[in-house]
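Every heavy atom of this structure was used, including side-chain atoms; hydrogens, water molecules and symmetry mates were not.
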Amino acid sequence: MTIGLILLAAVGIFLFFGGTERFFAKLGLPSRAAFVIVLALVVGAVIPQVNFGNAFNIQLGGFLIPLAVMAIFLFRCNGREELFKAVLSIASVAAVCIAARMLIPSYNAGLRVTISVVTGFVGAAVACIISQSRVPAIAGVLGGMVIADTVTSLVYRFFIDGSTVSLGTAGVFDAIVIGVVFTVLIAEALSAIKKHSRASKQPIILTDLEAGEDYNASEEDVSNIKPSTYHFNEEDYEEYFNDDID
């Protein structure tokens, strides 16, 4: 849980100084709402787990609060297409994380950290590839990892070793936070690549003299060259500066 709390603390500092305001604005969340979400995750992580006998326990920060945040992002999905992508991302991330947790044993703290990092990074990559947009990708990471944690715990309880069903454990909390952070980084990287690609496709405007020198045209040909024009209308402006990954 230490990794997740450190990352959340860093996000909280950036939020306080306005460093992440632009990103959360793309998600349709004001900075105050984003800060409340981060604070809720931190508070949920430090609250002791709730035990229901010896067979079941639950941690707020790694289970209930991520589900609530996922519901917020599902609500922020723009139309049925984004909602479908979010649901597909949730199912895909859950499948990948279940496979990773079943394949990698967690007998000690080092292996638990490894699982958190692996599932966080892989889950983020899968969510971004499927969603191609920030909101459904983050919803996919949150929901997919919570579902994976639930399914894995039930499988171990009823089919493997009869262990206690623990939902939202420290390793899952770390994986969720790592996954969301990686999702943000991947989304920003894809956004930068997309913006650079658009910029490189803009026509090069040459003056009459530059055009004449470039093509070694005669003086008469140069005099007949008309200035190049390019109309950068409002629609082009919006498309150029809309750096979402969808």
Side-chain angles (χ1 to χ4, degrees), residues 1-21 23-24 27 29-76 90 93-94 97 100-101 104 106-121 123-124 127 138-154 156-157 163-185:
M1 191 171 290
T2 303
I3 299 175
L5 288 175
I6 292 174
L7 290 175
L8 285 176
V11 173
I13 293 173
F14 278 113
L15 274 170
F16 183 79
F17 289 103
T20 56
E21 183 175 355
F23 174 80
F24 283 106
L27 302 177
L29 293 175
S31 296
R32 291 182 180 179
F35 185 80
V36 169
I37 290 175
V38 172
L39 182 62
L41 287 169
V42 173
V43 172
V46 298
I47 292 177
Q49 67 183 20
V50 179
N51 297 310
F52 299 89
N54 296 323
F56 176 74
N57 61 66
I58 187 172
Q59 181 77 39
L60 296 179
F63 186 77
L64 292 180
I65 295 178
L67 283 180
V69 177
M70 178 202 68
I72 294 174
F73 281 99
L74 287 177
F75 180 76
R76 297 300 307 171
I90 291 172
V93 171
C97 291
R101 291 190 59 184
I104 303 175
S106 57
Y107 300 124
N108 54 56
L111 287 173
R112 285 193 290 272
V113 171
T114 301
I115 293 175
S116 298
V117 175
V118 170
T119 54
F121 179 76
I138 294 177
V141 169
L142 292 166
M145 291 191 177
V146 170
I147 292 174
D149 180 43
T150 304
V151 172
T152 305
S153 295
L154 292 174
Y156 271 95
R157 168 68 179 177
S163 58
T164 301
V165 176
S166 299
L167 301 180
T169 57
V172 176
F173 177 83
D174 287 341
I176 290 173
V177 177
I178 292 171
V180 172
V181 170
F182 272 129
T183 300
V184 173
L185 295 177

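- The heavy-atom pair separating Ala45 from Gln59 by the smallest distance is O-NE2, 3.4 Å.
- Contact of the Phe63 side chain with the Thr150 side chain is registered, since non-hydrogen atoms from C-beta on lie closer than 4.5 Å.
- Separation of atoms CG (Leu167) and CG (Asn57) is listed at 7.5 Å; rounding is to 0.5 Å.
- In this structure, Ile147 and Ala94 approach most closely via the heavy-atom pair CG2-CB, 4.0 Å.
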*Let me see the working for Val36 and Arg32 under side-chain contact (heavy atoms from CB on, under 4.5 Å), right down to the final yes or no.*
CA-CA 6 Å; Val36 169; Arg32 291 182 180 179; 5.5 Å; no
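- Remark: the Gln49 side chain and the Asn51 side chain contain an N/O donor-acceptor pair separated by less than 3.5 Å.
- Contact between Cys97 and Ala148 at its shortest, heavy atoms only, is CB-CB, 3.6 Å.
- Note that CZ of Phe73 is 12.0 Å distant from CD1 of Ile90, once rounded to the nearest 0.5 Å.
- For Asp149 (side chain) and Gly168 (main-chain N/O), a donor-acceptor pair under 3.5 Å exists by modelled atom type.
- Shown here for Phe182 and Phe121, the closest heavy-atom pair between the two residues is CD1-CA, 3.7 Å.
- Put simply, OG1 on Thr152 and CE on Met145 are 11.5 Å apart, with the number rounded to the nearest 0.5 Å.
- The shortest non-hydrogen separation linking Val141 to Ala127 is CG2-CB, 3.8 Å.
- Scanning all heavy atoms of the two residues, the minimum distance from Gly179 to Ala124 falls at O-CB, 3.3 Å.
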_Full working for side-chain contact (heavy atoms from CB on, under 4.5 Å) between Asp174 and Val113_ = CA-CA 8 Å; Asp174 287 341; Val113 171; 5.9 Å; no
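- One distance of note links CZ of Phe173 with CG of Leu7; it measures 9.0 Å at 0.5 Å rounding.
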_Could you go through Arg101 and Val172, starting from their C-alpha distance and side-chain angles, then the distance that decides it, and tell me whether this counts as side-chain contact (heavy atoms from CB on, under 4.5 Å)?_
CA-CA 10 Å; Arg101 291 190 59 184; Val172 176; 3.7 Å; yes
*side-chain contact (heavy atoms from CB on, under 4.5 Å) between Leu64 and Ile58, intermediate numbers included*: CA-CA 8 Å; Leu64 292 180; Ile58 187 172; 3.9 Å; yes
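- The CG atom of Leu39 lies 9.0 Å from the CD1 atom of Ile65; values are rounded to the nearest 0.5 Å.
- Between Ile178 atom CD1 and Thr119 atom OG1 the span is 7.0 Å, to the nearest 0.5 Å.
- Atom CZ of Phe75 has 12 or fewer neighbouring heavy atoms from other residues, nucleotides or ligands inside a 6.0 Å radius.
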